[in-house]
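Report on the structure given below.
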Amino acid sequence: MIFPKATISEIIGLLEAVNDSGGIEDVARLAADFDLEIDEILPSIDGAELLGLAVVREGNIELTTDARKLLDAGIRDRKKIIKDKVASVDMIRELIDRLRSEEEYKISKEEALRFIQKKISTMDIDSYFRIIINWTRYAGLIGYNSDSEEICLLQKER
Amino acid sequence: MRKGYFILWIILFLISATIAFYFFDFVDFPELKLVPYYAASSFLRMVIAYFFALIFALGYGYTAATNKKAGKMMLPLLDILQSVPILGFFPAAVLFFIAYFPGRTGIEAAAVFLIFTSMAWNLAFGVYESLTSIPRDLIEAADSFGIHRWQRLESLTLPACVPKLVYNSIISWSAGWFFLVASEIISAGSGSYRLPGLGSFFVDTAYSGKIALMLIGLSTLIIIILLLELFIWKPMQSWADKYNYDYSGEKSPGEFIFNIKIPKYMFRLIFETFSNILINIYIIFHRHELMKRFLKIVSYLLLILAFSYILYFFVILLVRILLNMPEEAYSIPLAIVYSFIRLFVAYIICILWTIPAAVYIARNKKASAYLMPVMEVSASIPAIAFFPVIVIVFIRHLDIASVILILMGMQWYLLFNLIAGVRSIPKDLENVAASFGIKGFFYWKKVLLPSMFPSFVTGSITAWGGGWNTLIVAEYIVLKGTEHHIFGIGYLLDKATFSTPDPDMVILSVISMVITIILLNKVIWQPLYRKALTKYKIEV
Amino acid sequence: MLLEIRNVSKTYESESNKILALDNINFTVEDNDFICIVGPSGCGKSTLLRIIVGLEKPNSGEVFFRGEAIEPDNPKVAMVFQNFAIFPWLTVQENIELVLESLNRPDEKKIACKYIRAVGLDGFEKVYPRELSGGMKQRVGFARALAVEPVLLCMDEPFSSLDALTSQNLKDELLMLWADASMPPDAVIMVTHNVEEAVYMANRIIILSPRPGKVMADMRIELKRPRNRKDPEFYRWVDKVYSLIV
């Protein structure tokens with residue numbers, strides 16, 4: 001699978017911009033508005049799609065109803081919506097299941113990297129790790145302790 | 001007044017005073033006539049040692065850079081050699097060389113060897129890093145263009161070679177001065193072997209109470225060091241800096257006292273010739289497969305020979321010593337503990353004064369404009385030169401004297417690193433502190449001290465290195481034929497060399513000391529260094 | 001009247017010459033002002049902000065906060081920095097508690113927690129800055145500034161070291177906090193070189209001239225919130241500001 005290298009902030013920023021254009025916008029124009037190359041904006045678009053917040057059709061990006069709900073919400077409620085969305089991403093759900101099966105709901109970074117490597121074959125595994133933690137931490141699902149180099153479930157119910 | 005000018009006046013005064021003393025016989029000391037001879041002998045030792053160190057560095061660095069397998073062994077070895085207190089080897093070297101060349105030649109060889117060891121490792125690293133940083137495609141380009149087109153490479157490969165070698169040569173020389181003076185002082189103190197030189201001149205004059213003479217000797221040394229600094233190193237460094245492309249971490253030389261405009265083409269000429277030879281050798285060896293293979297075999301043979309000789313030598317020696325442990329060997333652990341306590345006390349004093357001083361100097365523009373040149377000058381004088389003076393003042397309290405000496409060997413490293421550390425704190429972090437009212441104790445604890453942590457760790461590592469070295473001269477002193485000592489590893493080493501020669505004890509002491517230092521590095525400094533790099537690193 | 005800037009001038013002296021950076025600046029700040037100071041680079045707008053918070057002293061003129069001369073550590077004025085300026089050796093929570101501790105606020109933990117949640121950083125409390133993306137870092141900057149519950153919030157190009165999309169997101173979130181009446185501050189002064197950003201954020205724009213910086217215009221932006229950058233009305237305001245600069 002491919003996994004987009006975009007942070008949650010970038011994805012929400014993208015949604016806001018599309019919203020300003022009335023909920024649908026040409027991808028090329030969107031990129032031009034932000035002074036970005038197409039390949040610089042693509043990860044954020046892929047991210048929005050993966051989270052079910054936008055659909056791309058014929059070169060246009062369109063917000064989903066969930067995205068509109070997200071944009072109308074305040075900072076706290078946005079976080080809740082993002083949490084549901086992130087938790088429904090296949091790889092992250094599998095990672096959460098994996099953590100739930102562990103004694104103390106945590107695994108080493110090494111192991112997490114191996115897990116990710118199996119799903120995404122890439123040379124640049126570290127930056128994917130960082131993005132995934134960016135998502136899951138914002139969503140309040142999975143955290144990373146850099147001192148012990150472990151990732152752990154933030155909510156400890158099975 | 002431009003910053004540092006008053007330093008210049010002091011230097012001028014010292015020069016003219018010294019010249020006056022020489023030529024007008026203001027003081028009628030026959031010893032004075034010998035000062036130029038002493039100065040020349042000391043300087044010559046440095047030059048010879050530097051020459052050998054350079055040759056060694058080129059060979060070692062080249063082999064490590066071109067032969068991957070050998071490099072895997074050679075680099076860690078270099079790392080260990082670098083962390084070892086060189087002065088600890090001096091006694092061993094004296095015994096070794098005296099056995100082969102009796103008399104003056106032996107002791108001269110030992111001194112040159114000691115200075116050599118203080119210069120060589122760091123230069124070898126420089127060569128290795130320079131050669132490995134020549135991009136691979138440049139060598140291939142050289143192949144395709146043919147050797148006569150090496151001129152094309154010149155502008156590209158020069159930057160790789162020059163700055164590192166210049167920079168490391170400067171470090172090597174200042175380390176060399178320390179060990180030169182140290183070796184002369186030790187040998188003069190031993191009574192049995194003498195090295196004519198400024199170091200032994202300090203000892204003789206100080207111990208016989210001719211302080212004026214000693215000061216003249218000292219200013220001669222200062223003048224030599226400063227002249228080298230002003231006319232060779234600083235101009236060379238500012239010249240080499242132009243070729244610099246990846247030195248972001250290194251401190252830029254800036255203005256020393258003032259910059260002398262030496263015709264830059266001089267250095268250019270020297271270094272172009274030098275690096276062209278280097279590059280050409282490198283390219284020739286890479287062009288011809290046969291040559292490459294031949295070289296590989298030769299270097300393997302040499303390496304195997306060297307390693308097996310060392311192994312053989314050490315195994316035999318160790319087995320012999322271990323089978324027949326000298327009685328005194330059992331006091332080595334305790335001696336190390338005693339010495340460690342001295343180092344620790346000096347280190348604590350060092351921390352206590354350098355941290356506030358560094359903050360003050362770095363923060364206070366006026367103070368730093370005046371103090372920095374003074375300190376750079378005092379730091380460039382090997383601390384050990386003050387040794388005889390401290391000895392005669394504190395001879396009854398050698399414990400105090402030794403701590404003061406160790407302090408002098410440690411403090412500059414820490415101070416200069418900390419000043420650089422305070423200066424590199426981003427303005428924005430200071431603004432946060434000011435605008436959110438973070439001040440006083442709280443400011444020191446949460447802002448200032450943590451941001452100084454990385455420079456504190458690097459400073460501490462070098463300071464402890466300096467401390468272990470100073471130990472060797474600080475624990476055993478022969479003053480007017482009488483031996484004074486305090487118990488410690490330095491004392492054991494010196495005693496086994498000079499008063500009751502015992503090669504086994506020398507080797508055992510050196511090995512124990514090296515093991516202690518390596519252990520301390522692994523257990524304390526390396527983890528701290530890692531932490532400094534991750535947690536305390538300020539991203540700019 | 002919250003803040004008064006009266007006849008402020010600033011000169012920089014180098015070895016040979018004097019450079020006039022700010023020339024006789026006058027304006028006042030009222031409650032509910034969201035002021036953007038706009039000007040080309042080098043017009044001294046950051047210097048002006050630093051004078052306003054008391055980090056620098058003007059050569060002449062004064063800054064009064066509620067009638068009294070400004071002090072840099074005034075807890076009623078807080079600052080957000082362009083390059084975040086958060087301490088790498090402290091966690092997110094410690095970074096925020098640090099400023100509360102230095103002000104001797106009781107229950108600093110509770111206050112820190114409140115503002116960490118307000119900017120959406122919950123879950124990041126124990127994290128060191130090196131693991132944060134730029135957007136998250138600047139959220140720490142916001143949380144820290146808001147945590148001292150300032151009356152006036154000063155921001156020096158707070159979005160200019162972020163990528164375009166992240167800065168879009170952070171601007172909207174900042175405006176949400178601004179719209180929330182239960183949240184500090186009462187007024188904002190933000191420095192920016194980006195006219196669109198200023199029109200998007202501010203209800204009042206002060207335009208500085210190129211060196212030496214002088215107040216060229218002081219105008220209200222009568223656009224209702226939430227604003228839309230694609231709105232023709234928005235463009236008219238942007239054009240209007242541009243026409244005053246050029």
Side-chain angles (χ1 to χ4, degrees), chain A residues 5-23 25 29-36 40-41 43-45 47-48 71-80 82-83 127 129-131 133-148 152 154-155, chain C residues 88-89 91-92 114-140 142-143 146 159 162-180 182-183 194 196-197 200 226-235:
Chain A
K5 268 195 230 176
T7 64
I8 291 291
S9 303
E10 285 173 287
I11 294 168
I12 299 179
L14 175 96
L15 298 177
E16 281 160 352
V18 177
N19 194 37
D20 272 356
S21 309
E25 177 65 291
R29 254 186 64 192
L30 195 62
D33 272 354
F34 281 100
D35 248 340
L36 293 172
E40 288 173 310
I41 206 168
S44 311
I45 294 174
L71 293 174
D72 288 338
I75 295 170
R76 306 284 336 139
D77 293 329
R78 283 182 175 192
K79 230 173 139 121
K80 276 184 210 131
I82 291 288
K83 178 180 176 178
S127 61
F129 177 76
R130 239 174 290 136
I131 286 293
I133 293 300
N134 172 281
W135 286 26
T136 58
R137 188 132 58 188
Y138 183 80
L141 294 165
I142 301 172
Y144 170 59
N145 181 333
S146 63
D147 284 336
S148 59
C152 68
L154 291 176
Q155 288 171 326
Chain C
W89 47 87
T91 62
V92 167
K114 176 181 169 190
Y115 288 96
I116 285 172
R117 284 173 61 83
V119 299
L121 272 175
D122 37 331
F124 290 81
E125 292 89 343
K126 303 253 167 359
V127 176
Y128 285 99
R130 64 171 181 275
E131 295 169 47
L132 297 177
S133 63
M136 294 299 166
K137 280 183 188 155
Q138 194 57 299
R139 281 190 176 88
V140 179
F142 289 148
L146 293 176
F159 308 110
L162 301 171
D163 66 86
L165 293 173
T166 302
S167 90
Q168 169 70 50
N169 176 217
L170 252 66
K171 280 175 212 169
D172 272 17
E173 290 195 11
L174 186 72
L175 286 177
M176 283 186 206
L177 293 168
W178 171 246
D180 185 344
S182 69
M183 281 280 162
N194 182 331
E196 275 188 52
E197 183 176 295
Y200 187 68
R227 292 173 187 170
N228 183 333
R229 267 156 298 218
K230 296 286 174 181
D231 187 0
E233 185 69 10
F234 182 83
Y235 271 118

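We use all heavy atoms of the structure for the numbers below, so side chains are in, but hydrogens, waters and symmetry mates are not. Numbers restart at 1 for each chain; the letters A, B, ... are given by sequence-line order, proteins then strands. All of these numbers come straight from a predicted model, not from anything done at the bench.
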Taking the side chain from Asp20(A) and the backbone from Asn228(C), do they hold a donor-acceptor pair closer than 3.5 Å?
no
Are any of the side-chain nitrogens in Arg137(A) or Glu131(C) under 4.0 Å away from the carboxylate oxygens of its partner?
yes
Taking atom CZ of Arg29(A) as the centre, report whether more than 12 heavy atoms of other residues, nucleotides or ligands fall under 6.0 Å from it.
no
With a 4.5 angstrom heavy-atom cut-off, is it the side chain or the backbone of Ser21(A) that approaches chain C, or both, or neither?
both
Testing the basics here: between Glu16(A) and Gln168(C), what is the closest heavy-atom pair and its distance to 0.1 Å?
OE1-O, 3.3 Å
Starting at CG of Leu170(C), measure out to CD1 of Ile12(A) and round the result to the nearest 0.5 Å.
10.0 Å
Identify which of Arg117(C), Met176(C), Lys126(C), Arg227(C) forms the greatest number of heavy-atom pairs closer than 4.5 Å to chain A.
Arg117(C)
Between atom CG of Asn169(C) and atom OG1 of Thr7(A), what is the distance when rounded to the nearest 0.5 Å?
8.0 Å
Mind listing the closest non-hydrogen atom pair of Asp147(A) and Tyr128(C) along with its distance?
OD2-CE1, 4.0 Å
Heavy-atom contact with chain A under 4.5 Å, split by part of Ala179(C):
neither
Side chains of Leu165(C) and Leu36(A): closer than 4.5 Å at any heavy-atom pair?
yes
Are the side chains of Arg229(C) and Asp33(A) in touch, meaning some heavy atoms are under 4.5 Å apart?
no
Looking at Ser9(A) and Met136(C), what are the two nearest heavy atoms and their distance?
OG-CE, 4.1 Å
Engaged part of Asp35(A) at the chain C interface, taking heavy atoms whose separation is under 4.5 Å:
neither
Please rank Asp122(C), Leu177(C), Val119(C), Asp172(C) by heavy-atom pairs under 4.5 Å with chain A and give me the top one.
Asp122(C)
Any side-chain heavy atom of Arg139(C) sitting closer than 4.5 Å to one from Ile75(A)?
no
Can you check whether Ser133(C) reaches Glu10(A) side chain to side chain, under 4.5 Å on heavy atoms?
no
With only heavy atoms counted, which part of Ser146(A) is less than 4.5 Å from chain C, the side chain, the backbone, both or neither?
both
Does any heavy atom of chain C fall under 4.5 Å from the side chain of Ala31(A), the backbone, both, or neither of them?
neither
